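Report on the following structure.
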2 protein chains.
Amino acid sequence: MERRAVKDFGSLPITEFSMVMPDTAARTRIQEKNISAILDAALDVFSGAGFRGATLDQIARAASLSKPNLLYYFKSKEAIHRALLSELLDTWLAPLRTLDSGGEPVDEIVRYVMRKLDMARELPRESRLFANEIVQGAPHIFDIIEGPLTTLVDEKAALIRKWAAEDRIAAVDPYHLIFSIWATTQHYADFDAQVRGILRPERDQHFDDAARFLTHLYRTALTPD
Amino acid sequence: MERRAVKDFGSLPITEFSMVMPDTAARTRIQEKNISAILDAALDVFSGAGFRGATLDQIARAASLSKPNLLYYFKSKEAIHRALLSELLDTWLAPLRTLDSGGEPVDEIVRYVMRKLDMARELPRESRLFANEIVQGAPHIFDIIEGPLTTLVDEKAALIRKWAAEDRIAAVDPYHLIFSIWATTQHYADFDAQVRGILRPERDQHFDDAARFLTHLYRTALTPD
DNA sequence: GAAGAGTTTGACCAATTGGTCAGGATCACG
DNA sequence: CGTGATCCTGACCAATTGGTCAAACTCTTC
């Protein structure tokens with residue numbers, strides 16, 4: 001493999017590199033390791049404290065790097081945050097994308113709810129990262145919301161509306177249905193501290209109860225009469 | 001009215017005063033005015049940026065006071081935050097308290113949902129203040145959650161369970177029912193940026209659609225078969 | 001209107017924080 | 001093993017931030 005000479009490597013090297021061309025194969029082993037360590041550490045810190053609450057020192061410590069070394073890979077705190085969000089966006093929206101016109105509509109939606117609930121259990125940091133952003137007015141991701149997200153939601157809302165028109169599902173507002181699914185499932189990640197404070201559950205056992213409850217909630221509300 | 005001499009007024013005057021004895025009558029007109037200006041400004045800033053994201057300068061500017069003057073009324077940033085939370089706690093929990101054993105259970109719960117949705121519309125800052133706290137692990141209010149909130153929720157969960165035992169309501173997990181109501185209603189305040197980004201609604205018209213949707217959701221899911 | 005309580009401010013401070021930089025260490029490769 | 005690219009660090013910096021303080025101003029009350 002040819003070793004590429006990177007021009008103007010002095011002050012903003014890998015950052016733009018990793019943004020413009022996230023091609024994993026073009027990275028050094030060391031870059032590979034450190035960049036993923038940084039993004040993992042940043043996920044920890046940003047999701048727990050929000051953008052402004054997070055400090056570069058915290059991220060550096062969590063990634064076992066010095067602060068200048070951190071800034072060797074990403075040119076600023078903002079750059080880390082941006083890279084993190086754009087890396088996670090696809091993962092985060094994947095479940096909604098799989099909502100498909102094939103299959104029984106009610107089952108299809110309940111399956112979506114269950115997938116979202118699984119994600120709240122498996123990827124709570126990711127959920128809180130976005131929650132922190134949005135609750136503070138979505139200053140860094142407003143373009144994502146206005147763009148790809150709105151497009152995707154419009155598309156799936158149309159599908160749900162079609163199901164309703166065909167009487168295969170109760171006639172409900174599709175947008176508010178989607179909002180309610182986001183709210184009820186992500187609640188278990190975003191407000192975990194409250195849920196655990198009130199339930200004091202053993203392990204993650206309360207997720208099973210939540211799954212049962214949400215299945216009942218959406219199945220009864222969506223089954224056409 | 002006797003003018004009380006406040007001992008040890010030098011460094012921590014009104015703060016402890018206002019904490020220990022929130023008796024409005026004992027305050028000067030100036031105190032009255034400034035303290036409420038500060039708390040209102042603090043609500044703006046804390047709810048929009050979280051505890052750590054908020055700065056004393058922002059709060060001072062929003063309250064039209066100098067920073068040292070701010071700190072004359074509250075001895076620290078923490079003190080402002082604490083005073084704000086404790087001032088709003090009752091308001092915030094009031095709707096759940098009114099959930100009563102009199103009346104038709106399903107109506108009673110739907111009425112609770114509507115009240116919570118109204119609060120999301122009328123008091124979004126308050127909602128976001130608590131959301132910011134909890135999403136970051138509830139560091140400043142964990143004692144409230146573990147204490148009064150848990151007690152209240154346990155009490156209302158018992159009521160809902162009783163209704164279910166009497167077949168006046170579908171048999172659902174009362175805790176997860178309450179969580180889902182919090183999630184679906186507060187979503188419109190906490191994630192307002194996202195909701196507006198996707199719906200681009202005129203004025204607050206989408207709250208009516210939300211009310212219709214949530215009424216359907218909970219009425220169908222809770223009506224016993 | 002004097003006196004003392006109550007209120008306000010400018011100047012200041014130490015700690016934190018995002019970020020820079022010159023140089024040194026290390027690695028890959030011919 | 002030499003050389004150039006890559007990686008890493010200690011020292012440093014300017015801006016921000018929470019908080020202090022002495023002094024001055026203002027309001028109330030006698």
Side-chain angles (χ1 to χ4, degrees), chain A residues 1-18 26-38 41-42 45-46 49-82 140, chain B residues 1-18 26-38 41-42 45-46 49-82 140:
Chain A
M1 186 184 82
E2 274 282 326
R3 195 71 167 290
R4 293 169 67 248
V6 180
K7 214 171 52 177
D8 191 356
F9 192 72
S11 62
L12 51 150
I14 309 301
T15 301
E16 296 306 326
F17 179 46
S18 85
R27 290 190 195 153
T28 306
R29 282 183 340 221
I30 295 177
Q31 283 172 29
E32 194 67 44
K33 188 186 57 145
N34 283 345
I35 287 178
S36 65
I38 291 170
V45 176
F46 282 132
F51 179 77
R52 211 197 171 247
T55 71
L56 289 179
D57 292 272
Q58 287 170 13
I59 297 172
R61 207 176 324 124
S64 302
L65 295 174
S66 66
K67 190 168 58 167
N69 202 11
L70 233 198
L71 290 163
Y72 169 75
Y73 288 100
F74 292 90
K75 77 162 182 282
S76 69
K77 187 181 173 183
E78 278 256 359
I80 301 176
H81 195 242
R82 256 201 312 276
H140 304 98
Chain B
M1 185 185 85
E2 273 282 325
R3 196 74 167 288
R4 292 171 66 246
V6 180
K7 216 169 52 176
D8 191 356
F9 194 71
S11 62
L12 52 150
I14 309 302
T15 301
E16 297 305 327
F17 180 46
S18 84
R27 291 189 194 153
T28 306
R29 282 182 340 219
I30 296 177
Q31 285 171 26
E32 194 68 43
K33 188 187 56 147
N34 284 343
I35 287 179
S36 65
I38 290 169
V45 177
F46 281 132
F51 179 77
R52 211 194 171 250
T55 71
L56 289 179
D57 292 272
Q58 286 171 12
I59 297 172
R61 208 177 324 124
S64 301
L65 295 173
S66 66
K67 191 168 58 168
N69 203 9
L70 234 199
L71 290 163
Y72 168 75
Y73 289 100
F74 292 91
K75 77 162 182 282
S76 69
K77 187 181 175 185
E78 277 257 358
I80 302 176
H81 195 243
R82 255 201 312 276
H140 303 99

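It should be emphasised that the depicted structure is a prediction, and the values quoted were computed from it without experimental measurement. Here is the naming used below: chain letters follow the sequence lines, and residue numbers restart at 1 for every chain.
Side-chain proximity of B:D57 to the nucleotides D:dT20, D:dT17, D:dC8 is greatest for D:dT17. Side-chain proximity of A:P68 to D:dG10, D:dT20, D:dG19: nearest is D:dG10. Listed nucleotides: C:dG18, C:dT7, D:dT9. Nearest to the side chain of B:N69: C:dT7. Minimum atom distance to the side chain of A:L71 is reached by C:dT20, of the listed C:dT20, D:dT16, C:dT8. With C:dT9, C:dG18, C:dT7 as the choices, the nucleotide that has an atom nearest any side-chain atom of A:K67 turns out to be C:dG18.
Residue-level contact check: B:A60 touches neither bases nor backbone, having no heavy atom under 4.0 Å from any strand.
When side chains are defined from C-beta on, A:R61 does not count as touching A:L56, because their heavy atoms never get closer than 4.5 Å.
Residue A:T55 places no side-chain N or O under 4.0 Å from the OP1 or OP2 atom of C:dT16. Residue A:Y73 has no polar side-chain atom (N or O) positioned under 4.0 Å from OP1 or OP2 of D:dT6. Between A:R29 and D:dC7 there is no side-chain polar atom (N or O) within less than 4.0 angstrom of OP1 or OP2. OP1 or OP2 of D:dC7 sits under 4.0 Å from a side-chain N or O of A:Y72.
Judged by distance alone, with hydrogens and angles left aside, the side-chain atoms of A:R52 form a donor-acceptor pair with the main-chain N or O of B:R52 at under 3.5 Å. Remark: side-chain polar atoms of A:T28 are not paired, donor with acceptor, to backbone N or O of A:Q31 under 3.5 angstrom.
By the 30° and 60° cut-offs, the orientation of the rings of B:H81 relative to B:H140 is perpendicular.
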